[in-house]
Amino acid sequence: MRMKKWWVVFSAVLLNISMASTLLASDSTIIVTSRQSEYSFHSNNWLMYKTNNSHLPFSSVLQQYAENRFSPVKAAVLNGGIAKKYYWFHFAIRNEDTVSNQMVIDIQSPRLNELELFEVSTDSSRSLGKLGDFYPFEERGLLHKNFQYVISLDKAEKKEYFLYVNQIGHTLLLPIRVYKRKAFESTVNQNYLTDGITYGLLLFVTIFSFLFYINTRHKLYLYYGLYILTSIIWFLGYFGLGFEFVWNDYPALNTMIAPVFSSLNMLLNIQISQVLLDTRNRHPWLCKIGNLCKAGLIVVAIVPLFVNLNNHSFAVNNAYLSVFLTVILISILVVLYSLIASLVKGTAAARYYFIASIIKVSGIFNLALLEWGLAPASFYTETMLQSGILIEIVLLTYAIARRYTSYKIRTYRKIIQAQESERFNTAKEIHDGISGTLTAIRFNLLNLSRNAAVAAAGISQNLVAISEDVGTAQVEARNISHNLMPAYIKNNSLNRVIDLYIQDIQQKKGDQLDIQFTSKHTDEYFSEDVRLSIFRIIQEIMTNIIKHAQASAVNIEFMYRKKDLLITVEDNGVGIDTETLKIKKGIGIRNIESRVQLLNGIFHITSGKKMHSEMSGTGTYIFIRIPNTQQSKWESRDY
């Protein structure tokens, strides 16, 4: 008798559903046609009902629907914020295709605690199963990161569906699409390909960053590698791929992965901004606020590791999520303000970092508002975040690579400066020590040789010879000291430095070597370091010519232009084997290349490239381009 009464109630409910469905507008039902394979919900497609009763019988749900207690969702994608109640949703699908269709209802929210779909047809109703993060991954009908239900619709058949969702204490985002089975499989394969490319690139950059750290020992690359790694794990957790492929036997782990690693990711974002933008020195107060944010991020990252939020009430979950989102938003604002503050200063690092981060920061900011229910939801949240982080990684990697190049140049500069300092000290020691001692010995010997009462004639001659040898050593010591650190470099222009150097060579070589130096246009200003480097380049070139070229004439030409200095050096010597040069380079050539590279210049050497007709021999032609730019104080900083 009780069973009979239940069927009477159920039949009445089904009748009311049929009547209500007839009254609904035509666009309230999803119409399956032969021309379309994918269907998205819109504001008129579905209705919802909220309840505090987690064990509400399905018959009661049908009764609530028959009494028009369901209200329109009014959005294509529901953003319920932090859910306080249990949700029931209603939608209908009718097949107007010419054939029967197997359809997939794809609930594109990989982080739902619990859901169950009920199917109601003309004469029956049934549950299509329970899914959710509370259940092992293997219990899903389709093993996919989202939640899917497979349904069948005969030709001209219509079915009603009621979806139960338990997301108490967590953010409820509900994008739903309906696919024909083949279209769904094709979409899934495309998504897997996109995900594989995205995470593959991120993993490659992560390994690349760690290798940079091992090579340079600069912690910036370690922070950057960890930043990308935490981004990968966070995305895997937030968008469901981690539960599908990595930790599918641990549902509780799936709940805590996203907040833990998003917190660590934001912490590393702050750390990178502090290092790259040098906020500790440039904005100490901003650095202190950033450190407070990092402490807060550590706290909100630790809580899910020790507290299983799935076992607690809405109040506990709501309190944690509110604190978590507040800390994230403040951290985003700190990073954004740091970027803007540094951008105002006009630093190159800030410009690259600002462009790289603005899309990602905007995406995270919008995501935080989504979690709070303050921003409209979209079907493309995952795609936008993936695109944002890829753009950020490309630009930020370029910015950090530029920093590495700058670091390498600064390292070369320090080596060169150390070499020049060593040369200066050596020259000073030779001049003040050896040369002075030799001078004293020479005068003593000359005094002895002139004292006829003390020295015999033979001894006097020997003393004179020794005195002459000492004089020769004195001259050589002075020449070596002069070559190591010519006195005229500090107080003269570049042209004058080269002129004086060539005069020194001409005095020593006489008629054996004819050196012509010409300078076209204005003698541009260069710093002492740059003048010294260019002088050393010319000095190394001339040393190679004197030692190896067997040349009788050399032409040196400086052409100053607005943005660079062009240097050409050509001789009429025996030339150079460029093929051998490609395989093996001497120390002199390597020194020239290193110094040109230090100045961000271009070096090219060839044999018989451009010789004057009056010169004999194959000759060697050297071309050097040195940009007339000085690094800013900011770019000269180490990091």
Student: For the side chain of Asn265 and the backbone of Leu267, is there at least one donor-acceptor N/O pair under 3.5 Å apart?
Tutor: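 Looks like no, no N/O pair under 3.5 Å.
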Student: Working note: Leu286 + Tyr337, criterion side-chain contact (heavy atoms from CB on, under 4.5 Å); need CA distance, chi angles, decisive distance, verdict.
Tutor: CA-CA 9 Å; Leu286 193 57; Tyr337 188 85; 3.8 Å; yes
Student: So do the side chains of Val178 and Val104 get within less than 4.5 Å of each other, counting heavy atoms only?
Tutor: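 A side-chain contact under 4.5 Å is absent here.
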Student: If you compare all heavy atoms of Tyr223 against all heavy atoms of Leu268, which two are closest, and at what distance to 0.1 Å?
Tutor: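 Closest approach of Tyr223 to Leu268: O-CD2, 4.1 Å.
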Student: Just by distance, no angles: are the side chains of Ser124 and Ser121 close enough, under 3.5 Å, to form a donor-acceptor pair?
Tutor: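 The answer is yes; a qualifying pair exists.
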Student: If you apply the rule ring-ring contact (aromatic ring centres under 6.0 Å, His included), what do you find for Tyr213 with Tyr221, and how did you get there?
Tutor: CA-CA 5 Å; Tyr213 169 67; Tyr221 303 113; 8.3 Å; no
Student: Assess the side chains of Tyr135 and Glu114: does a donor N or O sit below 3.5 Å from an acceptor N or O?
Tutor: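 Present: a donor and an acceptor within the cut-off.
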Student: Between Gln167 and Lys85, does any side-chain donor sit less than 3.5 Å from a side-chain acceptor?
Tutor: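 No donor-acceptor contact under 3.5 Å links the two side chains.
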Student: For the atom pair CG (Asn318) and NE2 (His170), what is the distance rounded to the nearest 0.5 Å?
Tutor: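 Here the rounded value is 11.0 Å.
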Student: For the residue pair Arg69 and Tyr65, would you count it as a cation-pi contact if the rule is NZ or CZ under 6.0 angstrom from the ring centre and within 45 degrees of the ring axis?
Tutor: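 That pair does not qualify as a cation-pi contact.
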Student: Heavy-atom count around Phe245 CZ within 6.0 Å, excluding the residue itself: above 12?
Tutor: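 Atom CZ in Phe245 is packed in, count exceeds 12.
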Student: Taking the side chain as everything from C-beta on, heavy atoms only, tell me whether Lys180 gets closer than 4.5 Å to Tyr39.
Tutor: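 A side-chain contact exists here, since the closest heavy-atom pair is under 4.5 Å.
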Student: Spell out, as yes or no, whether a donor-acceptor pair under 3.5 Å connects the side chain of Asn101 to the backbone of Met103.
Tutor: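 No, because the side chain of Asn101 does not come within donor-acceptor range (under 3.5 Å) of the backbone of Met103.
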Student: Keeping the roles fixed (side chain from Asn95, backbone from Leu153), state whether a donor-acceptor pair exists under 3.5 Å.
Tutor: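 Looks like yes, one N/O pair under 3.5 Å.
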Student: For the atom pair CG (Leu163) and OH (Tyr87), what is the distance rounded to the nearest 0.5 Å?
Tutor: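 It comes to 12.5 Å.
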Student: For the residue pair Ile328 and Leu297, establish whether any side-chain heavy-atom pair is separated by less than 4.5 Å.
Tutor: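 The answer is yes; the side chains approach within 4.5 Å.
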Student: Would you please say whether a donor-acceptor pair under 3.5 Å links the side chains of His90 and Glu160?
Tutor: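 There is such a pair (donor and acceptor under 3.5 Å, judged by atom type) between the side chains of His90 and Glu160.
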Student: What pair of heavy atoms forms the shortest contact from Ser273 to Val335, and how long is it?
Tutor: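 Of all heavy-atom pairs spanning Ser273 and Val335, the closest is OG-CG2, 4.4 Å.
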Student: Would you say Phe243 and Leu236 make side-chain contact, with heavy atoms under 4.5 Å?
Tutor: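 SC-SC contact between Phe243 and Leu236 ruled out.
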Student: For residues Asp195 and Leu241, determine if any side-chain heavy atom of one lies less than 4.5 Å from a side-chain heavy atom of the other.
Tutor: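 Yes. Closest side-chain heavy atoms under 4.5 Å.
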Student: Quick check: closest heavy atoms across Ile233 and Ile257, and the distance to 0.1 Å?
Tutor: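 Result for this residue pair: O-CG2, 3.7 Å.
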Student: What are the two closest heavy atoms between Leu143 and Tyr192, and how far apart are they?
Tutor: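 Here Leu143 and Tyr192 meet closest at O-OH, 4.2 Å.
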Student: Between Thr187 (side chain) and Ala183 (backbone), is there a donor-acceptor pair under 3.5 Å?
Tutor: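 Present.
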Student: Do Leu117 and Ile105 pass the side-chain contact (heavy atoms from CB on, under 4.5 Å) test, and can you show the C-alpha distance, the side-chain angles, and the key distance before you say yes or no?
Tutor: CA-CA 10 Å; Leu117 184 67; Ile105 300 174; 3.8 Å; yes
Student: Hey, does the side chain of Ser109 reach the backbone of Leu173 with a donor-acceptor pair shorter than 3.5 angstrom?
Tutor: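 The answer is yes, because a donor-acceptor pair under 3.5 Å joins these two groups.
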Student: Without swapping roles, check the side chain of Ser262 against the backbone of Pro259 for a donor-acceptor pair under 3.5 Å.
Tutor: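 Yes; at least one donor-acceptor contact below 3.5 Å.
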Student: Per the ring pair (Phe, Tyr, Trp, His ring centres under 6.0 Å) rule, which among Phe70, Phe118, Tyr49 passes with Trp88?
Tutor: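 That would be Phe118.
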Student: When rounded to the nearest 0.5 angstrom, what distance separates CG in Leu115 from CD1 in Ile107?
Tutor: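 Between Leu115 CG and Ile107 CD1, I get 5.0 Å after rounding to 0.5 Å.
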Student: How long is the span from the CG atom in Leu172 to the CE atom in Met48, to the nearest 0.5 Å?
Tutor: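 Separation between the atoms: 9.5 Å.
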Student: Rounded to the nearest 0.5 Å, how far does CH2 of Trp46 lie from OG of Ser71?
Tutor: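 It comes to 11.5 Å.
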Student: Treating Tyr86 as the side-chain partner and Ala83 as the backbone partner, does any N or O pair qualify as donor plus acceptor under 3.5 Å?
Tutor: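 Flag not set: sc Tyr86 to bb Ala83 has no pair under 3.5 Å.
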Student: Give me the atom names and distance for the closest heavy-atom approach of Gly132 to Arg140.
Tutor: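 Looking at all heavy atoms of both residues, the closest pair is O-NH2, 4.5 Å.
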Student: Distance alone, cut at 3.5 Å: any donor-acceptor contact between the side chains of Thr29 and Arg94?
Tutor: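 No.
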Student: side-chain contact (heavy atoms from CB on, under 4.5 Å) between Phe41 and Val73: does it pass, once the steps are laid out?
Tutor: CA-CA 10 Å; Phe41 279 23; Val73 175; over 6 Å; no
Student: Is any side-chain heavy atom of Leu174 less than 4.5 Å from a side-chain heavy atom of Leu112?
Tutor: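 The answer is yes; the side chains approach within 4.5 Å.
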Student: Consider only side-chain N and O atoms of Asn146 and Gln108, and report whether a donor and an acceptor are under 3.5 Å apart.
Tutor: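 Checked: Asn146/Gln108 side chains show no N/O donor-acceptor pair below 3.5 Å.
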Student: Would you compute the distance between atom CD1 of Ile270 and atom OG1 of Thr279 and round it to the nearest 0.5 angstrom?
Tutor: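 Here the rounded value is 10.0 Å.
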Student: Taking the six-membered ring for Trp and the single ring otherwise, decide whether the centroids of Trp234 and Phe239 are under 6.0 Å apart.
Tutor: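 No, they do not, as the ring centres are separated by 6.0 Å or more.
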Student: Any side-chain heavy atom of Ile151 within less than 4.5 Å of one from Tyr161?
Tutor: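 Yes. Closest side-chain heavy atoms under 4.5 Å.
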Student: Do Tyr164 and Glu116 have side-chain atoms, one donor and one acceptor, less than 3.5 Å apart?
Tutor: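 No.
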Student: Could you tell me which non-hydrogen atom of Phe324 sits nearest to which non-hydrogen atom of Ser263, and how far apart they are?
Tutor: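 In terms of heavy atoms, the two residues are closest at CE1-OG, 3.2 Å.
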Student: Using a 4.5 Å cut-off on heavy atoms from C-beta on, say whether the side chain of Cys293 contacts that of Val327.
Tutor: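 Not in contact.
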Student: Just by distance, with hydrogens left out, do Asn291 and Lys294 show a side-chain donor and acceptor under 3.5 Å apart?
Tutor: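 Result is yes, a qualifying pair exists.
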Student: Would the distance check show the side chain of Asn45 and the main-chain N or O of His42 forming a donor-acceptor pair, the cut-off being under 3.5 Å?
Tutor: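 The answer is yes, because a donor-acceptor pair under 3.5 Å joins these two groups.
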Student: Which word best sums up how the rings of Trp285 and His283 line up, parallel for under 30°, tilted for 30 to 60°, or perpendicular for over 60°?
Tutor: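 Trp285 vs His283 ring planes: perpendicular.
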Student: Verify side-chain contact (heavy atoms from CB on, under 4.5 Å) between Asn269 and Tyr227, making sure each step is shown before the conclusion.
Tutor: CA-CA 7 Å; Asn269 200 344; Tyr227 171 71; 3.7 Å; yes
Student: Would you say the side-chain atoms of Ser60 pair up with the backbone N or O of Leu56, donor to acceptor, closer than 3.5 Å?
Tutor: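 No: the side chain of Ser60 does not pair with the backbone of Leu56.
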